[in-house]
Amino acid sequence: MTFISKTPHADVVLIGGGIMSATLGAFLKQLEPDWTISLFERLDQPGLESSDPWNNAGTGHAALCELNYSPAAKDGSVDPSKALLINEQFQLSRQFWSHLVDQKLIGSPKGFINTVPHMSFVIGEDHTRFLRTRYEALKPHPLFRSMEYSEDHAQIAKWAPLIVKGRDPKQRVAATRAAEGTDVDFGALTRELTTYLGNNGVEINYGHDVTGISRASDGGWDLSLKYPKSGEHSKIHAKFVFVGAGGGALHLLQASGIPESKGYGGFPVSGQFFRCTDETIAAQHSAKVYGQASVGAPPMSVPHLDTRYVGGKRSLLFGPYAGFSTNFLKNGSYLDLPLSIRPSNIIPMLAVAKDNMDLTAYLVKEVAKKHADKVEALREYYPEAKDGDWELITAGQRVQIIKKDPQKGGVLQFGTEVIAGRDGSIGALLGASPGASTAVPIMIELLKRTFPRNFKGWQSKLKDMMPGYGVKLDENPDLAAELEKATAASLQLESVSASR
């Protein structure tokens, strides 16, 4: 790959080679095939940071098993609205991926998505009561109609033998199961998408750092580029820029100087996972089993025992064990956090530090946790786990959003947030979970906010690609079932609708 770009100008520049930039690029190539697009990624391949399969949970986040998307209220009730929203969003992702597969724009779906049932598993009387209430709140909705519930050890063992074998038969447990859950290798999907882009006129540049971004006289943007391997520098001008650099997005957004970037900060959270590649063990567990987060733990620290498919091989993953590093990227710098502090975000950051002492205490405790303690945490979900069967790996970095708040001064936000310049010439994405699983609806929202004049004309094309676009599937059960069956066929997944 040569350093000098083929053109010093582009209609669109995508910064970052992860799932977000790749998804946005795929949309734009479908909607405006004549636009010139350039993508710049600092690493040598796409999808190696948070999109990499070993750097994220790999769950197709549809709120089928993630309990933090439907927490209990003070009166014990469960509001299903956020879980419903996230499931609706994931359905759009499935529809877009199906469109790309059906049109033969990307390769076999088996390379990036597989059916793996999603389960929630809890221990104790109070947690059992909560899970039953959650099940009763979600079960009546069409998108959750296949969900099953049990407190019976024998039944749960049929769903996921490893979490029951060796467990005290008198221990109070409960589980839900959704057979249509998926495991997604977002690194593989990112590479499929970038290959499609590269084969269709998009200039793909790996090993390139975007070191600066400034407003051009024509209202566009001038980007400074560096090729670290040779030390060469260059520039490119863009009419529109998307800052999709994961944890690195905050620095570039701040460098742009747009008013919408003021007041935002970032709080990095690192993590580790146990990985088991023993095929005889992995063959005994086909599920993603999510539990309850510890008190004070961030949502992305919910413990889970997952079946993973990476490179066609099945393995198991357990974790995460949260930690703290000042890096904003796994391959970033320890100076990322201190260099992100600005006069406009210092007050929100200090307010968050003051109001989140429980999170700080949790992270300190996690960092100090011994290996034996980590193994014991694994055995809560897999009682007969043997230390020697598991290796500890470092996961990707997550940078949680810190933003201004009129009452508190600043709040820590655990979702994702689209930032757009008022003139629509620049957009960015900050935050983490549910992240990659909802890349499609997130990028649609970004298109809507940054290209308002074009967006109306794109509606019919978006509807062609995603028949459920603009429709609440929860209120249209027949369409929900039809699309679940159709996307399952396209993506070679098991369908709960086909068996009804």
Side-chain angles (χ1 to χ4, degrees), residues 57 59 61-80 82-84 86-87 116-141 144 146-181 273-274 285-307 316-322 362 366 373-385 414 433-434:
T59 300
H61 282 286
L64 296 168
C65 59
E66 306 93 334
L67 302 179
N68 54 295
Y69 295 141
S70 50
K74 290 183 179 180
D75 63 359
S77 63
V78 171
D79 179 359
K82 186 173 182 180
L84 293 173
I86 289 173
N87 196 295
V116 174
H118 285 193
M119 292 179 58
S120 300
F121 178 73
V122 298
I123 301 170
E125 183 67 39
D126 291 342
H127 291 324
T128 295
R129 187 181 306 110
F130 158 70
L131 190 63
R132 188 188 311 115
T133 302
R134 178 182 185 270
Y135 167 76
E136 292 169 350
L138 290 171
K139 178 68 174 178
H141 295 274
F144 292 83
S146 71
M147 184 177 284
E148 303 171 84
Y149 175 86
S150 181
E151 298 177 19
D152 179 57
H153 281 236
Q155 178 59 63
I156 298 172
K158 290 179 181 178
W159 293 339
L162 296 186
I163 66 174
V164 175
K165 189 177 180 182
R167 188 174 298 278
D168 181 351
K170 296 181 181 179
Q171 187 177 54
R172 188 71 186 273
V173 298
T176 57
R177 179 178 185 268
E180 72 271 29
F273 284 93
F274 272 132
H285 184 80
S286 180
K288 290 183 177 290
V289 180
Y290 273 57
Q292 286 279 46
S294 303
V295 175
M300 84 291 289
S301 295
V302 172
H304 46 96
L305 179 63
D306 287 8
T307 296
L316 300 182
L317 193 75
F318 178 80
Y321 300 99
Y362 168 79
E366 284 288 291
D373 295 327
K374 294 178 179 179
V375 174
E376 282 306 307
L378 166 62
R379 287 176 180 150
E380 289 184 24
Y381 290 82
Y382 176 13
E384 296 189 348
F414 290 104
S433 182

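Throughout, residue positions are numbered sequentially from 1 according to the sequence presented. What you see is a predicted model; the values in this text were computed from it and never measured.
Shortest non-hydrogen contact noted between M147 and K139 is O-NZ, 2.8 Å. Taking each heavy atom of F130 and P71 in turn, the nearest pair found is CE1-C, 4.1 Å. For the pair S120 and C65, the tightest heavy-atom approach, listed with the atom from each and the gap, is OG-O, 2.8 Å. Residues S70 and R134 share a closest heavy-atom pair of OG-NE, 2.7 Å. Of all heavy-atom pairs spanning A174 and Y149, the tightest one is CB-OH, 3.6 Å. Annotation for V289 and A160: closest pair CG2-CB, 4.5 Å, computed over non-hydrogen atoms.
A distance of 4.5 Å separates CZ in F274 from OH in Y321, rounded to the nearest 0.5 Å. Taken from CG in L64 to CD1 in I86, the straight-line distance is 10.5 Å, to the nearest 0.5 Å. If you take CG on D373 and CG on L378, they are separated by 12.5 Å, rounding to the nearest 0.5 Å. A distance of 5.5 Å separates OG1 of T59 from NE2 of H118, quoted to the nearest 0.5 Å. To the nearest 0.5 Å, atom CD1 of residue I163 and atom CE of residue M119 are 4.0 Å apart. Atom CG of D126 sits about 10.5 Å away from atom CD of Q292, to the nearest 0.5 Å.
Under the side-chain contact (heavy atoms from CB on, under 4.5 Å) criterion, R379 pairs with V375, E376, A385, not counting sequence neighbours.
Judged purely by atom type and a 3.5 angstrom limit, D306 has no side-chain atom pairing as donor or acceptor with the backbone of K288. Within the 3.5 Å criterion, the main-chain N or O of R172 finds no donor-acceptor partner in the side chain of H127. A side-chain donor-acceptor contact under 3.5 Å links T307 to the backbone of H285.
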Practice item. Start with the C-alpha distance between V164 and V173, add both sets of side-chain angles, then the distance that settles side-chain contact (heavy atoms from CB on, under 4.5 Å), and finish with yes or no. Key: CA-CA 10 Å; V164 175; V173 298; over 6 Å; no

(request) Show your reasoning for whether side-chain contact (heavy atoms from CB on, under 4.5 Å) applies to L162 and L316. (result) CA-CA 11 Å; L162 296 186; L316 300 182; 4.0 Å; yes

> What do the steps show when you test F318 against Y382 for side-chain contact (heavy atoms from CB on, under 4.5 Å), and what is the final call?
Replying inline: CA-CA 10 Å; F318 178 80; Y382 176 13; over 6 Å; no

Please test L305 against F121 for side-chain contact (heavy atoms from CB on, under 4.5 Å), starting from the C-alpha separation and ending with a verdict.
CA-CA 10 Å; L305 179 63; F121 178 73; over 6 Å; no

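A donor atom on one side chain and an acceptor atom on the other are found under 3.5 Å apart for S146 and E180.
The shortest distance between side-chain heavy atoms of S150 and W159 falls below 4.5 Å. When side chains are defined from C-beta on, I123 counts as touching R167, because their heavy atoms get closer than 4.5 Å. Here the side chains of L131 and L67 are in contact, with some heavy-atom distance below 4.5 Å.
In this pair, Y290 and H304 present their aromatic rings parallel. The plane angle is below 30°, not in the 30 to 60° band.
Pairs of residues two or more places apart, or lying in two chains, never qualify as salt bridge (charged side-chain N to carboxylate O under 4.0 Å, His left out) while including a residue from residues 63-79.
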